[in-house]
Amino acid sequence: MTAPLPVRPAGEPADRVPADATPRQKSPSRLLAPLRETGKLFALAAAVTRAIFRRPFQVREFIEQFWFVASVTILPAALVSIPFGAVIALQVGSLTEQLGAQSFTGGASVLAVIQQASPLIVALLISGAAGSAICADLGSRKIREELDAMEVMGVSPIQRIVVPRVLATMLVAVLLNGLVSVVGTLGGYFFNVIMQGGTPGAYLASFSALAQLPDLYIGEFKALVFGFIAGIVAAYRGLNPRGGPKGVGDAVNQSVVITFMLLFFVNMVLTAIYLQIVPAKGS
């Protein structure tokens, strides 16, 4: 025989909270969810790294993805690098003029473009333009169960689909970094010489006096790492959408935001390591 249900006294509100009730605490599984997501992201990065050296390599898919990523990022990168180089040149030129060191304007502005601005511009454009498209493509394949069907047939989605896309973002980032560096340097040169009255000889001489070859190496290495991060984050969010088609749109937004946060953090770490390992020219 079951116990009778408790009877609420007359006049007592139905939503009254007992005095001895304690606030509900979050379950440990919800608190550990960010750690699990981070672990899955690193696991995907390790799986992609291992799959790069496996055969067969999807050459056709890689070429198609390389062309797509390059086609959607070349023109925006070139257009964005001009005002970036101009702003850096104008700001550095104004600062050096206040300090009485106008002869170092060229070297300081070009180093800022090559080491910092160029890799970040490339990575942000690849993440926003190409990464979002990669995430949407993989997410739509996931909700249509195409990736599950590939696994049933014995085809690895990571090796077949993810690896060519990640390699394409990495290669385009490295090549595009050189274009952005050149265009940004030319833009800074034009605005410094034309608008601030600088001399072309002093601009070039200060660059050769301050710059060194490792500065170009660290810029290309940053672009390579940033391209890898953009491709991995886009692939991870595309492979794990939630809630059907709406979840795919949310995954695209999350991939861009997460990539931006990781890029600035990794850029800070790489810059700090580089400045500690490679001494400044003339020091």
Side-chain angles (χ1 to χ4, degrees), residues 73-74 76-127 170-230 259-283:
T73 54
I74 287 180
L79 295 178
V80 170
S81 60
I82 295 176
F84 251 93
V87 169
I88 292 176
L90 294 175
Q91 186 65 43
V92 172
S94 177
L95 180 61
T96 54
E97 184 178 358
Q98 296 177 15
L99 299 177
Q102 296 91 335
S103 58
F104 294 100
T105 301
S109 59
V110 172
L111 285 179
V113 170
I114 293 178
Q115 289 189 16
Q116 305 297 330
S118 179
L120 285 176
I121 291 173
V122 170
L124 295 179
L125 287 175
I126 287 181
S127 173
M170 294 171 63
L171 182 58
V172 172
V174 173
L175 298 178
L176 206 60
N177 182 68
L179 173 65
V180 174
S181 298
V182 172
V183 176
T185 301
L186 293 178
Y189 172 85
F190 175 80
F191 279 89
N192 178 258
V193 173
I194 301 301
M195 299 188 62
Q196 293 183 320
T199 58
Y203 192 94
L204 299 176
S206 64
F207 171 66
S208 60
L210 296 177
Q212 52 186 340
L213 200 56
D215 297 328
L216 178 61
Y217 294 159
I218 186 61
E220 294 291 346
F221 180 73
K222 282 183 178 181
L224 183 69
V225 174
F226 294 166
F228 179 77
I229 292 175
T259 303
F260 283 13
M261 295 173 61
L262 289 177
L263 289 179
F264 286 105
F265 176 76
V266 174
N267 180 61
M268 179 193 67
V269 174
L270 292 178
T271 302
I273 295 175
Y274 173 76
L275 294 178
Q276 292 295 325
I277 294 178
V278 180
K281 191 173 182 180
S283 60

For Ser127, all residues meeting side chain to side chain donor-acceptor pair (under 3.5 Å), sequence neighbours excluded | none
Ser81: what forms a side chain to side chain donor-acceptor pair (under 3.5 Å) with it, not counting sequence neighbours?
->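 Side chain to side chain donor-acceptor pair (under 3.5 Å) check on Ser81 returns nothing, list empty.
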If you measure from [atom1] on [X] to [atom2] on [Y], what distance do you get to the nearest 0.5 Å?
X	Y	atom1	atom2	result
Gln115	Asn267	CD	CG	10.0 Å
Phe260	Ile229	CZ	CD1	13.0 Å
Leu111	Leu216	CG	CG	11.0 Å
Leu79	Ile121	CG	CD1	11.5 Å
Glu220	Asp215	CD	CG	12.0 Å
Ile273	Met268	CD1	CE	10.0 Å

Does Thr185 reach the main-chain N or O of Ser181 with its side chain, forming a donor-acceptor pair under 3.5 Å?
-> yes
Counting only heavy atoms not in Phe221, do more than 12 fall under 6.0 Å of its CZ?
->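 Not buried by this count: 12 neighbours or fewer within 6.0 Å.
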Between [X] and [Y], which heavy-atom pair has the shortest distance, and what is it?
X	Y	result
Ile126	Ala230	CG2-CB, 4.3 Å
Ala78	Val183	O-CG1, 3.7 Å
Ala223	Ala173	O-CB, 3.3 Å
Ser118	Asn177	OG-OD1, 2.7 Å

side-chain contact (heavy atoms from CB on, under 4.5 Å) between Phe226 and Thr259, worked out | CA-CA 9 Å; Phe226 294 166; Thr259 303; over 6 Å; no
Return the set of residues passing side chain to side chain contact (heavy atoms under 4.5 Å, CB included) with Leu275 (not counting sequence neighbours), or none when no residue passes.
-> Thr271
Is there a side-chain contact (heavy atoms from CB on, under 4.5 Å) between Leu213 and Tyr217 once you walk through the steps?
-> CA-CA 7 Å; Leu213 200 56; Tyr217 294 159; 2.9 Å; yes
Could you give me the CA-CA distance, side-chain angles and deciding distance for Lys222 and Tyr274, then say whether side-chain contact (heavy atoms from CB on, under 4.5 Å) is met?
-> CA-CA 11 Å; Lys222 282 183 178 181; Tyr274 173 76; over 6 Å; no
Tell me, with the steps shown, if Val113 and Phe84 meet side-chain contact (heavy atoms from CB on, under 4.5 Å).
-> CA-CA 8 Å; Val113 170; Phe84 251 93; over 6 Å; no
